S.K.: 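Pasting a structure here, questions to come.
All figures in this text were calculated on a predicted structure; none of them were measured in a lab.
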2 protein chains.
Amino acid sequence: MMNSDQAATLLKQKGVRPSYQRLRVLQYLHEHIGHPTAEEIFTALSVDIPTLSRTTIYNTLHTFVSYGLVNCLTLDGVETRYDVVLQKHGHFKCHRCGTIFNFMMDVDRIETSGLEGFVIENKNIIFTGICPDCSFKKTKKGE
Amino acid sequence: MMNSDQAATLLKQKGVRPSYQRLRVLQYLHEHIGHPTAEEIFTALSVDIPTLSRTTIYNTLHTFVSYGLVNCLTLDGVETRYDVVLQKHGHFKCHRCGTIFNFMMDVDRIETSGLEGFVIENKNIIFTGICPDCSFKKTKKGE
DNA sequence: ATCATTATTGTAATGATTACAATATAGGTT
DNA sequence: AACCTATATTGTAATCATTACAATAATGAT
């Protein structure tokens, strides 16, 4: 999906020093676009990098966010999740299985009133409900 | 805005036993629609109810959410906020002063693709940016 | 090779929230 | 009105994500 060189190029492009840890975090995010948490990234990379620190993960993610490499989102109020998909999209969280799905939408077509004079920098659209899989299981079990 | 009797009626209507603490929390939420946190509610009500416990606030808010009396939202990933305005609306958070504004929008007019087969139960629209006040201050100071 | 800057690490602290057990209260029943 | 059971409140301790901070390590420029 994204090799070491591509990751390094991307980091340099954005003005972020391409350390080994940063490369690995960026690659991980590109290989796991299901909105991982800091803890998930830490656990996964720790296997390969035993000396890795949680603090590094947090620092790295903060750096990525501030340099516009990833977006962060808090869907449930528990953990912050990170997303390398930067094109405008909505998030759907299934409250049964917890999976987060991306969906397409034209964010800029939303008509609002009451925001005259506001500088809008970011638009987050979060839907919650039940995903098709869980919906199907529920029907089958006859709950 | 909402007296004790009105609050009691509303609670009974929804099947929630109208204890003194619950009445006060519900009244507080109706008098402070700026999306208070559990801590803010606790601090404010503690003055009048010195024996009040933080746990009661959390229990009460969870009860309210599960009985559909209030909505909760996490805007910044730090604290959960509570909202008695149940009509569909969007939230705008100013990242300079932290204030949260409601704005009107037609949530159901948003066109999406990729959500076929999904049961949508809730739609949250969160914008971030700079509010007119902060925008104005910034201009004046010439930062 | 040297030096200053920046990144990583580990530990300790913070802050919101939850778990849990003891006590208190509410509402229905005699 | 007293009684009893179910439910609510309280306080403390635990949990979990995140941050603060200081020491060490690595990077890049001179």
S.K.: For A:Arg17 and C:dT6, give me the distance from atom CZ to atom P, rounded to whole Å.
M.R.: 7 Å

S.K.: Between A:Thr51 and A:Ile49, is there a side-chain heavy-atom distance shorter than 4.5 Å?
M.R.: yes

S.K.: Is there a path of hydrophobic side-chain contacts, each under 4.5 Å between heavy atoms of I, L, V, M, F, W or Y residues, that connects B:Leu10 with B:Val16?
M.R.: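 Linked, B:Leu10 and B:Val16 end up in one cluster.
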
S.K.: Can you tell me how far P of D:dT18 sits from CD1 of A:Ile41, to the nearest Å?
M.R.: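 Rounded to the whole Å, the gap is 10 Å.
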
S.K.: Could you check whether the side chain of A:Thr55 and the base of D:dA20 have a donor-acceptor pair of N or O atoms closer than 3.5 Å, going by distance alone?
M.R.: yes

S.K.: Measure the distance from NZ on B:Lys12 to C1' on C:dG28 and round it to the nearest whole Å.
M.R.: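 Distance, rounded to whole Å: 15 Å.
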
S.K.: Which part of the nucleic acid, if any, lies within contact of A:Thr51, taking any heavy atom under 4.0 Å across all strands shown: a base, the sugar-phosphate backbone alone, or nothing?
M.R.: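 Sugar-phosphate only.
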
S.K.: May I ask you to evaluate whether A:Gln21 reaches the phosphate of C:dT9, defined as a side-chain N or O under 4.0 Å from OP1 or OP2?
M.R.: yes

S.K.: I need the CD-C1' distance between B:Glu39 and C:dT18, as an integer number of Å.
M.R.: 15 Å

S.K.: Atom CD1 of A:Ile49 to atom P of D:dA26: distance rounded to whole Å?
M.R.: 14 Å

S.K.: Which sits closer to the 5' end of DNA chain D, A:Arg81 or B:Leu52, going by the nucleotide each is nearest to?
M.R.: B:Leu52

S.K.: Which whole-number value in Å describes the distance from B:Glu40 CD to C:dT17 P?
M.R.: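 Whole-Å distance recorded here is 11 Å.
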
S.K.: Does OP1 or OP2 of C:dT17 have a side-chain N or O of B:Tyr58 closer than 4.0 Å?
M.R.: yes

S.K.: For the ring pair A:Phe118 and B:Phe92, is the centre-to-centre distance below 6.0 Å?
M.R.: yes

S.K.: To the nearest angstrom, how far is B:Leu11 atom CG from C:dA26 atom P?
M.R.: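 Answer to the nearest Å: 14 Å.
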
S.K.: Measure centre to centre between the rings of A:Tyr58 and A:Phe42, then say whether the value is under 6.0 Å.
M.R.: no

S.K.: For DNA chain C, whose closest nucleotide is more 5', that of B:Arg54 or that of B:Tyr20?
M.R.: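 First, find each residue's nearest nucleotide; the 5'-ward one identifies B:Arg54.
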
S.K.: What integer distance in Å separates B:Phe42:CZ from C:dG15:C1'?
M.R.: 14 Å

S.K.: Is there a side-chain contact between B:Thr60 and B:Leu26, using heavy atoms and a 4.5 Å cut-off?
M.R.: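 In short, these two side chains do not touch, never coming nearer than 4.5 Å.
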
S.K.: Any base atoms under 4.0 Å from B:Thr63, or only sugar-phosphate, or nothing? Heavy atoms, all strands.
M.R.: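 Here B:Thr63 touches no strand at all.
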
S.K.: Heavy atoms from C-beta onward define the side chain here; which of D:dG11, C:dT17, C:dT11 lies closest to that of B:Thr80?
M.R.: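 So the side chain of B:Thr80 is nearest to C:dT17.
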
S.K.: Taking the side chain of B:Ser53 as its heavy atoms from C-beta onward, which of D:dG11, D:dT9, C:dT9 lies nearest to it?
M.R.: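 When the side chain of B:Ser53 is considered, D:dG11 is the closest of D:dG11, D:dT9, C:dT9.
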
S.K.: Measuring to OP1 and OP2 of D:dT10, would you say a side-chain N or O of B:Thr56 lies under 4.0 angstrom away?
M.R.: yes

S.K.: Does any nucleotide pair with C:dA1 by Watson-Crick or G-U wobble geometry, both distances under 3.5 Å, and what is it?
M.R.: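 Paired with C:dA1, as far as the under-3.5 Å criterion goes, is D:dT30.
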
S.K.: According to a strict under-4.0 Å criterion, is B:Arg22 in side-chain N/O contact with OP1 or OP2 of D:dA8?
M.R.: yes

S.K.: Could you please name the option among C:dT8, D:dT19, D:dA17 that lies closest to any side-chain atom of A:His62?
M.R.: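 Comparing C:dT8, D:dT19, D:dA17 against the side chain of A:His62, the answer is D:dT19.
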
S.K.: Strictly under 6.0 Å, is that where the ring centroids of B:Phe103 and B:Phe127 end up?
M.R.: yes

